[in-house]
Amino acid sequence: MFAQHIQGLSGLVAAAAFIFGLKRMSSPMTALSGIGIAGIGMVIAVAAGFLAVFDLSDATRSHLASNLTLVVIALLAGGGWAWWRGRKVAMTAMPQMVALYNGMGGGAAAAVAAVEFGIADAPGLLHLAVTVAGALIGSVSLTGSVIAWAKLDGRVNKPWRFRGQRAFNGAIFVATALIGVAAIALHGTATGTALAVLFFLGAMAFGVLMTLPIGGADMPVVISLFNAFTGLAVGLEGYALQNPALMIAGMVVGSAGTLLTVLMAKAMNRSLANVLFSNFGDVAVASSADVHGQMKSIDASDAATNMRYASSVIVIPGYGLAVAQAQQKLYEFVRLLQAAGVEVKFAIHPVAGRMPGHMNVLLAEAGVPYDIIYDMDDINGDFANTDVALVIGANDVVNPAARTDKSSPIYGMPILNADQARQVYVVKRGQGKGYSGVENLLFYDEACSMVYGDAQAVLTQMVQAVKDLGLSQAA
Amino acid sequence: MAIDTSMTWLVALYIFMLAAFTGYEVISRVPSILHTPLMSGSNFVHGIVVIGALHALITATSVFAQIVGFLGVALGAANAAGGYVVTDRMLAMFKSSDGRKN
């Protein structure tokens, strides 16, 4: 009995720690302590979970030694593997890593549901229904997240699509749900067990099927959605286990994750339904935009010199910067400009990087302080008073076609107003198009000059050019 | 005498309702620079499912429950441990111009 009280109270402490921790994570000043607090809550809850050994029935006690051995092996294997992978994963690969961990959480929720469904004797209808609903959501999250991970990790490249896919997926989903209902109705019989197995297979198949046709560019939204799914599944299983800590933690993540998903979709100018069902992602789009003028190019060192003598520069980094591993070099260049008295700001589009906030993480890794990094809404008014906008590895997020060209697939997407700066430099590998396959009107603008080359190489030249200027002045 | 930890469906709905609003409120004030760490942080939080799996495995009496419970604990532990590590790594990198770390 005493053990039960401790377990109940530790769940309460854990739930409070999670909410307080998430709250602290909502500001960069306190964020690090936030995850620490949530971590302490988790350790307390898991430690208290072991107290269940004091409340065992006689039937269970005979299995205690083997069960405890299995627990220790599972905790060390699963936790150890994830800890080790999490330590060494590159910051650019963070989105797919989060997807993978999330899928595992969904799998764990599905496993809890399977055990609960299997061992429940004389259970209530509600109890079974909630268990099965959690199992469905958890299983979809498991396989869907794995597909999302594989796509972002470049293991699955082509979206898999066929005619009537939506109807087919819908049929699979309805069939799975019906099998779940039948499994509840026949619970306790051999047929019921067989149906339950079929149900889990159907749910996992649906997770794969619904994720496969979605293009790589939309994956972050999907991962965020699956994150909310897993939270919801955990919350439902919490009810099945009569554990309020699981219910609270799961539902907090379920609602927070849903909100985050909607915010992400909005930042990409898409509705969630559009992301899930439209197959946009990486369909080749023929753009009919009228292109006037032609692209001009400029030497890296000339561009650097102009920036050195400008009074204000706004840097617009995109994922191409991270692909070229050039964040460090960029910050070195920025510090040289700052030392020369240039006011430098970073402008981050909501979908820069592979998910919202990803670019901030990559810049933070390079040492860029967060207080010179600005969100789109905070900085868009400043471009008109800025000497130079330096675009590195970004494309669609500065394309004015989003404002004017109704036929463009990115029409309506909010963009960074780089075209309003007095001078625009675009660092780019070649003359190719952006992720969406759309021609970028900015590149043909009077005030825009292209600096062709790999971001790393270009920035190295720029750093050198500014350093040389410094030396000649000193001489 | 065991304490009664069961709850009615109505109490459960109240808990869910309050938790849902809490999650919404906590996230709605987050600046977008923290979206990625926050997704990762909330991903860590649902790793609490590991204690559900832990309970299932400790009280397992059949080979089926042992196998599935084992998978559940391993996957849940990976979710919690991995979610913590990557969130911590990301957040540890944010610092302001005067060099203060968080």
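Naming convention: chains lettered A, B, ... in sequence-line order (proteins, then strands); numbering from 1 in each chain. This one's a predicted model, so the numbers in the text were calculated from it and none came from an experiment.
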Exercise. Based on non-hydrogen pairs under 4.5 Å, which of Y24(B), F16(B), W9(B) is most in contact with chain A?
Worked result: F16(B)
Exercise. L246(A), L362(A), I248(A): which one forms the most heavy-atom pairs within less than 4.5 Å of chain B?
Worked result: L246(A)
For this session: Say whether, by atom type as modelled, one donor and one acceptor occur between the side chain of T261(A) and the main chain of V221(A) under 3.5 angstrom.
Result: no
Problem set entry | Student check: side-chain heavy atoms of L38(B) and I27(B) closer than 4.5 Å | yes
Seminar exercise, completed: Interface check, chain B: of V253(A), N227(A), V234(A), most non-hydrogen pairs under 4.5 Å belong to N227(A)
For this session: Determine the option with the most heavy-atom pairs under 4.5 angstrom with chain A, choosing from V50(B), V11(B), T59(B).
Result: T59(B)
Exercise. Side chain, backbone, both or neither: which part of L70(A) has an atom under 4.5 Å from a heavy atom of chain B?
Worked result: both
Problem set entry | Aromatic ring pairing W83(A)/Y84(B), orientation class (parallel under 30°, perpendicular over 60°, tilted between) | parallel
For this session: Identify which part of E365(A) has an atom lying under 4.5 Å from any heavy atom of chain B, answering side chain, backbone, both or neither.
Result: both
Exercise. Does the side chain of H55(B) come under 3.5 Å of the side chain of N243(A) through a donor N or O and an acceptor N or O?
Worked result: no
For this session: Sort out for me which of A53(B), A56(B), G52(B) touches chain A most, counting heavy-atom pairs under 4.5 Å.
Result: G52(B)
Problem set entry | Residue part contacting chain B, namely of D375(A), when any heavy atom lies under 4.5 Å | side chain
For this session: Under 4.5 Å heavy-atom distance to chain B, tell me which part of A77(A) shows up: side chain, backbone, both or neither.
Result: neither
For this session: Please state whether the side chain, the backbone, both or neither of I15(B) comes within less than 4.5 Å of a heavy atom of chain A.
Result: side chain
Enumerate, atom names and distances included, each donor-acceptor pair closer than 3.5 Å involving a side-chain atom of residues 60-77 of chain B, sequence neighbours excluded.
{"unit_1": "S62(B)", "atom_1": "OG", "unit_2": "A65(B)", "atom_2": "N", "d": "3.1"}
{"unit_1": "Q66(B)", "atom_1": "NE2", "unit_2": "S66(A)", "atom_2": "OG", "d": "3.4"}
{"unit_1": "Q66(B)", "atom_1": "NE2", "unit_2": "N67(A)", "atom_2": "OD1", "d": "2.6"}

Exercise. Got a donor-acceptor contact below 3.5 angstrom from the R89(B) side chain to the R87(A) backbone?
Worked result: yes
For this session: Considering only heavy atoms and a distance below 4.5 Å, find which of L75(A), L68(A), V53(A), I223(A) pairs most often with chain B.
Result: L75(A)
Exercise. Checking L142(A) against chain B: side chain, backbone, both or neither under 4.5 Å from a heavy atom?
Worked result: neither
For this session: Give a yes or no on whether the backbone of N43(B) and the side-chain of H46(B) come within a donor-acceptor separation of less than 3.5 Å.
Result: yes
Exercise. Shortest non-hydrogen contact from G105(A) to T230(A)?
Worked result: C-CG2, 3.5 Å
For this session: Would you mind telling me which of H358(A), R85(A), M25(A) has the largest number of heavy-atom pairs within less than 4.5 Å of chain B?
Result: M25(A)
Exercise. Side chain, backbone, both or neither: which part of L22(A) has a non-hydrogen atom closer than 4.5 Å to chain B?
Worked result: both
Exercise. Is chain B contacted by the side chain of P95(A), its backbone, both, or neither, given a heavy-atom distance below 4.5 Å?
Worked result: neither
Exercise. Is there a side-chain contact between I348(A) and L363(A), using heavy atoms and a 4.5 Å cut-off?
Worked result: yes
Problem set entry | Leading residue by heavy atom contact count with chain B [cutoff under 4.5 Å; candidates M94(A), Q7(A), M376(A), K23(A)] | M94(A)
For this session: May I ask you to name which of A111(A), A74(A), A108(A) has the most heavy-atom pairs under 4.5 Å with chain B?
Result: A74(A)
Problem set entry | Non-neighbouring partners of F117(A) that pass ring-ring contact (aromatic ring centres under 6.0 Å, His included), sequence neighbours left out | H187(A)
For this session: Can you tell which part of V112(A) gets under 4.5 Å to a heavy atom of chain B, answering side chain, backbone, both or neither?
Result: side chain
For this session: Grab the two heavy atoms, one from A20(B) and one from S255(A), that are nearest each other, plus how far apart they are.
Result: O-OG, 2.5 Å
